[in-house]
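Contents: one structure, followed by commentary.
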There are 2 protein chains.
Amino acid sequence: MAKTIKKGERISNGVERVINSDTIKYLGKQVKVSGWVDSVRSHGKIIFIDLRDMSGIVQLVNTSDIAKEIRPEWVIEAVGKVSKRPPNMVNPKIETGKIEISIENLKVLSKAKTLPFSINGGGYEINEEKRMKYRYLDLRRKRMKRNMIERQRVIQFIRDFLQKDSFIEIETPILTKSTPEGARDFVVPSRMQPGKFYALPQSPQQYKQLLQIAGFERYFQIAHCLRDEDPRGDRQPEHTQLDLEMSFVEQKDVMRLTEDLFINLVKKLYPEKKIQEIPFPRLTYEKAMKKYNTDRPDLCKNKNNPDLLAFCWVIDFPFFEKDDKNKWTFTHNPFSAPKPEFMNSLLKKKNIKNILTTQYDIVLNGSEIGGGSIRNHESKALEAVFEIIGYKKKDIKDKFGHMLTAFQYGVPPHGGIACGLDRFLAMMLGEKSIREVIAFPKTGDSRDLMMDAPSEISEEQLKELKIKVIKKSKK
Amino acid sequence: MAKTIKKGERISNGVERVINSDTIKYLGKQVKVSGWVDSVRSHGKIIFIDLRDMSGIVQLVNTSDIAKEIRPEWVIEAVGKVSKRPPNMVNPKIETGKIEISIENLKVLSKAKTLPFSINGGGYEINEEKRMKYRYLDLRRKRMKRNMIERQRVIQFIRDFLQKDSFIEIETPILTKSTPEGARDFVVPSRMQPGKFYALPQSPQQYKQLLQIAGFERYFQIAHCLRDEDPRGDRQPEHTQLDLEMSFVEQKDVMRLTEDLFINLVKKLYPEKKIQEIPFPRLTYEKAMKKYNTDRPDLCKNKNNPDLLAFCWVIDFPFFEKDDKNKWTFTHNPFSAPKPEFMNSLLKKKNIKNILTTQYDIVLNGSEIGGGSIRNHESKALEAVFEIIGYKKKDIKDKFGHMLTAFQYGVPPHGGIACGLDRFLAMMLGEKSIREVIAFPKTGDSRDLMMDAPSEISEEQLKELKIKVIKKSKK
């Protein structure tokens, strides 16, 4: 029988807390358990409480009136004896389904109001803005817990795989310099150098190349990348990528390494899934466009089978294309090398539309999950790229002078790839949106509804930064 | 004999490159090696080249005139036969000291100008701004390579240790909301909501607490934290911390976990070091100040022994102190709980100066390497903290409404710690400055001399962000 219900005071009887899934090891013994009340059921005089913690559910039993006060999502701590359930009460669906705990002492650690939505079930039917506002409740959902755990498993698998293969993870800065990567930079005003700004990294592209020049022949990083993009589909202002770079390699080496990584990852973590074709088929951009009318072809031969994974590579992309102002721009990455047979065209800036890049994109069931290239490490060739896309000599020096200088001190042939982990994870877990695999995602227009960011800052802060807001949002 | 020296073309004879340290396995066989020319020595007609790659040095031997062109730091690729060195030529100091490679085919992949400074030796004597400007060359230094490798080893040890102990690593956002942590926030203007700003995280404090409310009972993250601080000593605008948080714990639990982590880390990775006292001694703030006149006492009994590690804990700090305007401010963390016996004083806002916090700082040889606390999860008590430090009701609601709301839905008792990895690493590696253990550090006034950041942004960017620079820096 529960002796006390008292809020805020913890039981300090020397008994260490046992996590729910471990209670089965304590049959006949007294244990202390803690967690959230998942449900309360009253059968006549007997109260059954399903107690939820990170490890799972355990059933508490009590006959006192006091336990009747308990409501779902309250946080409680209970001491009691572990005993076998009567045979007809066994629940084969849960790990602790053969036992229950008879409460001897029960304390309420924290009460809870009725949640704004149910955390049972998938939750897809709930208004997503509401789910995001109360993300800390939405994450109590079994599916969301699984997604976060799977996210860590995948990332840790990648780390282990690459470290065993002599890769070293190196952290690169968040406060950096603007670099052209096809999207807008987020910028950060400098207080100490008024009028100047840092840019947040769209990718560690330049740093990883400089690390090759430094002699770290096999670099990787689980990197946070930030892009100030217009709202479109399933994008996020922040995403996580596996970024890697290798020296003394050719296209085939980076592709082989990447392919090995994905094959091993799927076999180890998702053995129920089947990779349709190994080695991954390779298509030229031209062929992909002709045959599938997209550079992200979905080669999956059975669209009804969610466990069938059709990876493929797309290669031989044009290096340049015309933008909407009829000016040349790069299709993928200005730091890529052209295919060797087009180096002369690039240096002479001739036949620009025919120049092919060493770019390789990896596509899974019609979604691009990564892309990379062999890098251009010839100063002159890199300058030619920037000239073709319309940079003036002075701009090139201001923006990329450090790269061109670095190339003069002994640069190994190098190349790499970056793979978007959010999209890959969503596909592995059968989620349609990457927001389902990110702990604290933002809305399509980049708002954090839980924290209420972005938000206004004080006049004092603006003054210190020596900037002024010209026009305020009406939102 | 070298047949060709040709720049830019790789040898494609089907021989896979062998890394330098592996060449000893190929005695009598032909191998292809690649790397940087560490040194060239000419002994009469014979040229000796020390070739450096990520794995180490191997000696190449050649008698042709062509090899004489080779200069230090050029990147080359060589094919040749591995043979034993004459006994008098053996170099016991390097792994490959018993063998050498007779060059049959040599290619220059990239030439190098004379470096702006020597990369042999420690490099401490070189002007540090110069080292930072050419960081990609400075990182070629043996010491800097070691530091980066050790950094990864330490971080991976921590990840493995915590994952084995049921912790889950969860990534929290970079674009977030301003929160009071004792330093200025870096802010990011929002293009989509003009006039509003994101803040970069000074720590994941609120997210990790919300993850406890979500039921992730054991969270950690190797987190990038950003603080816009005034130049002072060895600070960096970005630092890396081990951030962790646990539910259903008391002060002793977090302290024990942290202590176990450091003890195991030192024993495994730095067995030559000795921890002076285990368990780590605990001092109250009052005692530390009285006896050592500092809250970071250096308890080391032999200051001449760099391998002697004197860890200690400092506890029982005052929660509040008066700032220079004679207003109350928090000493450590506004989200901390007071010690239980002071909860009433806090709620009544009485005897403010006597209120002690549950804060615990971990100190190593006189440097603070981490700090944490049990958190305040009572809405009213958290409101009282913010009222004492001068926040108005409306400000509290605007800034922390989400936390106060979250506390209404079932919050477990929780606490955690954050440890600065840069400082700890510097101490383990005998480095005086944390800049020596960061791949791309910034200057004291937060400039990146290699990338030239911060820098000016275009009028177009400013216009899109709806902000205006009031006063430009003269730098």
Side-chain angles (χ1 to χ4, degrees), chain A residues 17 34 36 54 73-75 110 112-113 136-137 139-140 152 168-170 173-174 176-177 186-188 190-198 210 213-215 217 224 228 238 248 402 406 408-412 439-440 445-446 450-451 453-457 466-473 475, chain B residues 17 34 36 54 73-75 110 112-113 136 139-140 148 152 168-170 173-174 176-177 186-188 190-198 210 213-215 217 224 228 238 248 402 406 408-412 439-440 445-446 450-451 453-457 466-473 475:
Chain A
R17 174 201 178 201
S34 318
W36 285 258
M54 191 62 193
E73 299 309 312
W74 285 22
V75 180
S110 167
K113 294 203 304 189
Y136 46 88
L137 300 178
L139 286 169
R140 287 186 188 169
Q152 168 174 49
I168 157 168
E169 184 163 15
I170 298 179
I174 298 290
T176 178
K177 184 168 173 161
F186 284 108
V187 297
V188 180
S190 162
R191 181 174 55 89
M192 283 192 254
Q193 337 257 319
K196 295 190 174 179
F197 294 75
Y198 301 96
L210 292 166
I213 296 173
E217 295 181 24
H224 287 234
D228 184 8
E238 305 187 35
F248 305 109
H402 56 283
Q408 298 174 350
Y409 292 109
V411 46
F440 298 103
D445 59 349
S446 299
M450 182 182 75
M451 303 290 268
S455 57
E456 288 183 14
I457 60 174
K466 307 269 192 296
I467 58 170
K468 198 175 163 178
V469 171
I470 305 177
K471 191 186 157 186
K472 282 191 189 174
S473 164
K475 277 192 195 177
Chain B
R17 174 202 180 202
S34 318
W36 284 258
M54 191 61 193
E73 300 307 313
W74 285 22
V75 181
S110 167
K113 294 204 302 188
Y136 46 87
L139 287 169
R140 288 187 187 169
M148 293 306 116
Q152 168 174 48
I168 159 167
E169 184 162 15
I170 298 180
I174 298 291
T176 177
K177 183 167 173 162
F186 283 108
V187 297
V188 180
S190 162
R191 181 174 56 90
M192 284 192 254
Q193 338 257 320
K196 294 190 176 181
F197 294 75
Y198 302 96
L210 292 166
I213 296 173
E217 296 181 24
H224 287 234
D228 184 9
E238 304 187 37
F248 305 109
H402 57 283
Q408 298 173 352
Y409 292 108
V411 45
F440 298 104
D445 58 350
S446 299
M450 183 182 75
M451 303 291 267
S455 57
E456 288 182 14
I457 60 173
K466 307 271 193 294
I467 58 169
K468 199 175 164 180
V469 171
I470 305 177
K471 190 185 156 186
K472 280 190 189 173
S473 163
K475 276 192 197 180

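Sequence lines set the chain letters: A, B, ... in the order given, protein chains first and strands last, and positions in each chain run from 1.
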Which heavy atom of [X] sits nearest a heavy atom of [Y], and at what distance?
X	Y	value
A:Met54	B:Gly215	SD-O, 3.2 Å
A:Gly195	B:Glu456	O-CG, 4.1 Å
A:Gln152	B:Glu169	NE2-N, 3.1 Å
B:Asp228	A:Met192	OD1-CE, 4.3 Å
B:Phe248	A:Val75	CE2-CG1, 3.5 Å

Do you know which of B:Pro412, B:Ala453, B:Gly410 has the most heavy-atom pairs with chain A at a distance under 4.5 angstrom?
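The candidate making the most pairs under 4.5 Å is B:Gly410.
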Structural part of A:Ser455 lying under 4.5 Å from a heavy atom of chain B:
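For A:Ser455, the contact with chain B is made by backbone and side chain together.
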Using non-hydrogen atoms and a 4.5 Å limit, figure out which bit of A:Leu137 sits close to chain B: side chain, backbone, both or neither.
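Side chain only.
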Separation of A:Lys177 NZ from B:Ile457 CD1 (nearest 0.5 Å):
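Interatomic distance, B:Ile457 CD1 to A:Lys177 NZ, rounded to 0.5 Å: 13.0 Å.
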Measure the NZ-NZ distance between A:Lys468 and B:Lys468 for me, rounded to the nearest 0.5 Å.
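Atom-to-atom, A:Lys468:NZ and B:Lys468:NZ are 5.5 Å apart.
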When A:Ile467, A:Val188, A:Thr176, A:Leu139 are compared by non-hydrogen pairs under 4.5 Å with chain B, the top option
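Answer, by heavy-atom pair count under 4.5 Å with chain B: A:Ile467.
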Top of A:His224, A:Met450, A:Arg191 for chain B proximity - count of heavy-atom pairs under 4.5 angstrom:
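Most heavy-atom pairs under 4.5 Å with chain B: A:Arg191.
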Expected output: side-chain B:Gln193 to main-chain A:Pro454 donor-acceptor under 3.5 Å:
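Here the side-chain-to-backbone pair does not exist.
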Mind telling me whether A:Tyr409 and B:Tyr136 have parallel, tilted or perpendicular rings, with 30° and 60° as the class edges?
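Because their plane-to-plane angle lies in the 30° to 60° range, the rings of B:Tyr136 and A:Tyr409 count as tilted.
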Contact origin within B:Ile170 toward chain A - heavy atom pairs under 4.5 Å:
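For B:Ile170, the contact with chain A is made by the side chain alone.
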